[in-house]
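Inspection log for the structure reproduced underneath, given as structure tokens.
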Amino acid sequence: MPRWTRAALFAVTFVAGGVAQAQIAGVRSINTYGVPGLIETPSAQMQPDAELTTSLTLLSNDIGRGQLAFQILPRVEGVFRYASVPDFLPRGNGEFTRTYDRSFDVRVQLLEEAGWRPAVTVGLQDFGGTGIYGAEYLVATKSFGDLTVSGGIGWGRLGGRGSFGNPLGVLDDRFDDRPGFDFGQGGDFSLDRLFRGDAALFAGVQYDVTDRLTFKVEYSPDEYRVEQARGRDIIDPETPLNFGVDYAIRPGIRLGLQAIQGTAVGLTFQFAANPRRAPLGSGLEETPRPVTLRPDFRENPEVWSRGWVANPAGPAAVRTALDAALAEADLELVATRLDATQAEIRFRNRRYTTESQAIGRAARAATAALPPSVETLILVPLNAVGTAGSAVILQRSDVERFENAPDGAAQILAASRRVDAVALPNEGLVTEPEAYPRFRWALGPYTATTTFDPDNPFRIDVGAQLSGRYQPAPGIVLDGAVRQKIAGNRDEYDRRSNSVLPRVRTNTYLFAKEDGPFIPYLTANYIFRPAPDFHGRLSAGLLETQFGGVSAEVLWKRDGSPLAIGAEVNRVRQREFDMAFGFRDLDATTAFVTGYYDHGNGFLSQLAVGRYLAGDEGATYALAREFANGWRIGAYATKTNVSSEEFGEGSFDKGISLRIPLAWMTGQQTQTGAGFTIQPLLRDGGARLNLRNRLYPLVRDQSAPDLSDDWGRFWR
Amino acid sequence: MTRFWRHAGLAAAFALALTGCGNDIRQSPLRLATAAVVDLVRPDTPSVDARAQLTPELIASAPVSILLVIQQQEDVGFTLLANSANLGVIEWRNTAGQSILRRDGIVAGTRGFGFDRMTTDVTGLIRALATGGADGVVRVNRIIDGAGVIEAHRFLCNVRLVGTETLTIYGRSYDTRTYTESCDGPGGRFTNRYWVEASGTIRRSVERITPELGDFEFVRLND
């Protein structure tokens, strides 16, 4: 494909994801809160499964809202919102100052639209934040060709204008009254306010004039009471009618213009992305080497001779050929064990996103280099530190047979076996002379970001990093880096910590003020396999930017089991703010038992129970949705025995994580990706060490279910 | 002055860092992203369409089998050479690392084009072409979807003999019978066309690869 075509494809479809039509099928126009809907009110429609909708709404009264919405399941959507509201926080002298507010929504579609039945959705808006935008609703939506009609009942912010007594009051008197708005620490899930107090109706219609242009009109019950309470004068509604127009500039990019309450004008940008819509399909990497077929035994029996093993130069020549064939596939041969009928090949994959693709390419390389008498291929992919997980055992005749079979990936998987590589004999294993010791270094750029702090949604430092990694033997890694910041604004954060807990994270801003060279990490690690199904790790040194010490971990992970269990203990001391070799007088011992469970269909749960850096005890639960192409979107929450008051703003630690693989964007195979965590507030409660070599992410690709789930790329 | 030189030094260090050096530079996401963008915006070396280069003499003197491919959506023509064969499937490949897999002259897979087709079950189509056509022929195309998972698209196709045609390809004539293969299924609707010689050789075909890549035209230039 010509480069200009790739460039055009990339540019046009990065957000849209490789579609040619004016709009992407199923992607809905959003309201000013980032969910499918009209202007201020929601609809019952859902975005396509796994849709990641980024939106930004700017109002003429200086209110701004940025939203990240993820379609977690076909009928469940979650939203993170960061809002900037001017003149909101009372200063105490009758004046107000701007507030930056973080909040979460969740929406569940109860009924899908079908025949004459409308779609019905229940939603909780701002249920996990301060509650500025707190509302609950039940909404129904029905499409009639290009006309879509929505109507519903709302509580909270959507229970204002034209409100009436809560119909849920017939169930329980507690539904009659809604507790007052309490800014407080925020962050608690305000369960005592859900569906409480007066309710009101809302309705609206949208008309798709063309496949790009949409008109909207709605009746909104939002009276902006919060924005007018306590003497605030942020908005003065004049009419319940809102009007909007929405235009799809490109597939996946929409621009909306709204007239709100007769007193404000809004502008909404909507950007759609979906892990399932890769801009460049399944990738642009080059065609693999084809399987090299062996001559027919009956016609060339002498070629099948096993005599090469007895020849003093035979095995060495085979290893040289194997090394070259693997190198051609961008794989590194580390060790081999050869005999007349089988070959064990240990190799390192530093290029392919999935281990299955690396194994497939290694198998084809093996057919090119091994004598015909070798029938059994034992392929052992090694991880970044050189330890093995599962060995994949293939019959060479199956590799030959299924290469171009219509269902070849499933057939080669069914014909393969897996065993723990620990069970393989070490006798006869020959390590390549250049495999160890091994030294890698790089000089390159680095970035460090802080997202959604109370004063600024995004801070970034950029600079140069010199990193090195020395491996004298498998599993032994000495690594470190030196960084020099060139430019950035992370040092502008200047909120002095008010934490009543040991300041294990709230001094982060003091670390960010370092202008000179600093050491982000400098560690010695030993990663090993103590027994079948077990992995171990010992680390010591400057473990992360803020802490140094010692760390030990053990992980049980059996091939094929969705469950893995790990335990870790760390004894650390806080580093000096200059991030050189000095330490401060703040020690901590942390310890966790962590369970990992692969639910299937890409969902992974992680529950860690233990003691955190500030000495608090509790648990962290994380749920992630992962895709075979490397996308990962997750959320976590930590609750410890620290009270909301002791924790401070946010009440407890929670956040969202996102990882986008670079291969998805560029079409070229690379294991590198862009990842970040949105942690609305960095507090001391529920804080953990940021260790670089935790075992589960290091080894999980080396055994099923991860290894077999991604098997579709074996013949890629 | 000290401040100036400090900033100049930092800028130089960053420029050097962005360029990247060492023996482990592949792992830097910022460097990789920068390289990808530079690669995309860098002026491309103008490539000459294969159709403008091919001559009867060139084809006649070629020591290997050549397949002309025209990517109709882009109106780009390029050639592939037969590279390997395994159990009836021939891999045709170019120097850019792209390839087409063909079973009995029918596309069985593609690699290196992005929205590739991984495999195709064309057993029924081969039988239908050999017997003068058939209805309800099953075709299964497998792709790796955007999320990285194999997806099988099953189609029911009607294969019809629609006439005869003498093809003239770079000075050589070939008598062929023309077939259409009209397919319908959850993965879409499309019609492929085949020009088949009496020997069974498919001299020319126009085949839908995937919805995103559109139709490719294949012309067997020699053999």
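In what follows, chains are A, B, ... by sequence order, proteins preceding strands, each numbered from 1.
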More than 12 heavy atoms of other groups within 6.0 Å of B:D223 CG
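Yes, the 6.0 Å shell around CG holds more than 12 heavy atoms from other groups.
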Of B:L87, B:V89, B:I90, the residue whose pairing with A:N404 passes side-chain contact (heavy atoms from CB on, under 4.5 Å)
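The passing option is B:V89.
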Using 0.5 Å steps for rounding, measure from the [atom1] atom of [X] to the [atom2] atom of [Y].
X: A:E286; Y: B:Q98; atom1: CD; atom2: CD; result: 11.0 Å
X: B:D145; Y: A:N629; atom1: CG; atom2: CG; result: 8.0 Å
X: A:R277; Y: B:E212; atom1: CZ; atom2: CD; result: 12.0 Å

Look at A:G281, A:P406, A:P275 and state which one has the largest set of heavy-atom pairs under 4.5 Å with chain B.
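Going by pairs under 4.5 Å, I would pick A:P406.
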Interface residues of residues 116-127 of chain B facing chain A - non-hydrogen atoms under 4.5 Å apart:
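Listed by number, the contacting residues are B:D116, B:M118, B:T119, B:T120, B:D121.
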In residues 707-716 of chain A, which residues are in contact with chain B at a heavy-atom separation under 4.5 Å?
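Answer by number: A:G712, A:R713, A:W715, A:R716.
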Toward chain B, the part of A:A50 with a non-hydrogen atom under 4.5 Å:
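Answer is neither: A:A50 stays 4.5 Å or more from chain B.
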At a heavy-atom separation under 4.5 Å, does B:L101 approach chain A through its side chain, its backbone, both, or neither?
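Side chain of B:L101 only, per the 4.5 Å heavy-atom cut-off to chain A.
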Check whether B:A85 gets within reach of chain A through its side chain, its backbone, both or neither, counting any heavy atom under 4.5 Å.
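The backbone, not the side chain.
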Which heavy atom of A:E400 sits nearest a heavy atom of B:N86, and at what distance?
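What the structure gives for the nearest pair is O-ND2, 3.0 Å.
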Are the side chains of A:P290 and B:N83 in contact, using a 4.5 Å heavy-atom criterion?
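Touching, per the 4.5 Å side-chain cut-off.
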Can a donor-acceptor pair be found, under 3.5 Å and without considering hydrogens, that links the side chain of A:S282 to the backbone of B:F115?
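No, A:S282 side chain to B:F115 backbone: no donor-acceptor pair under 3.5 Å.
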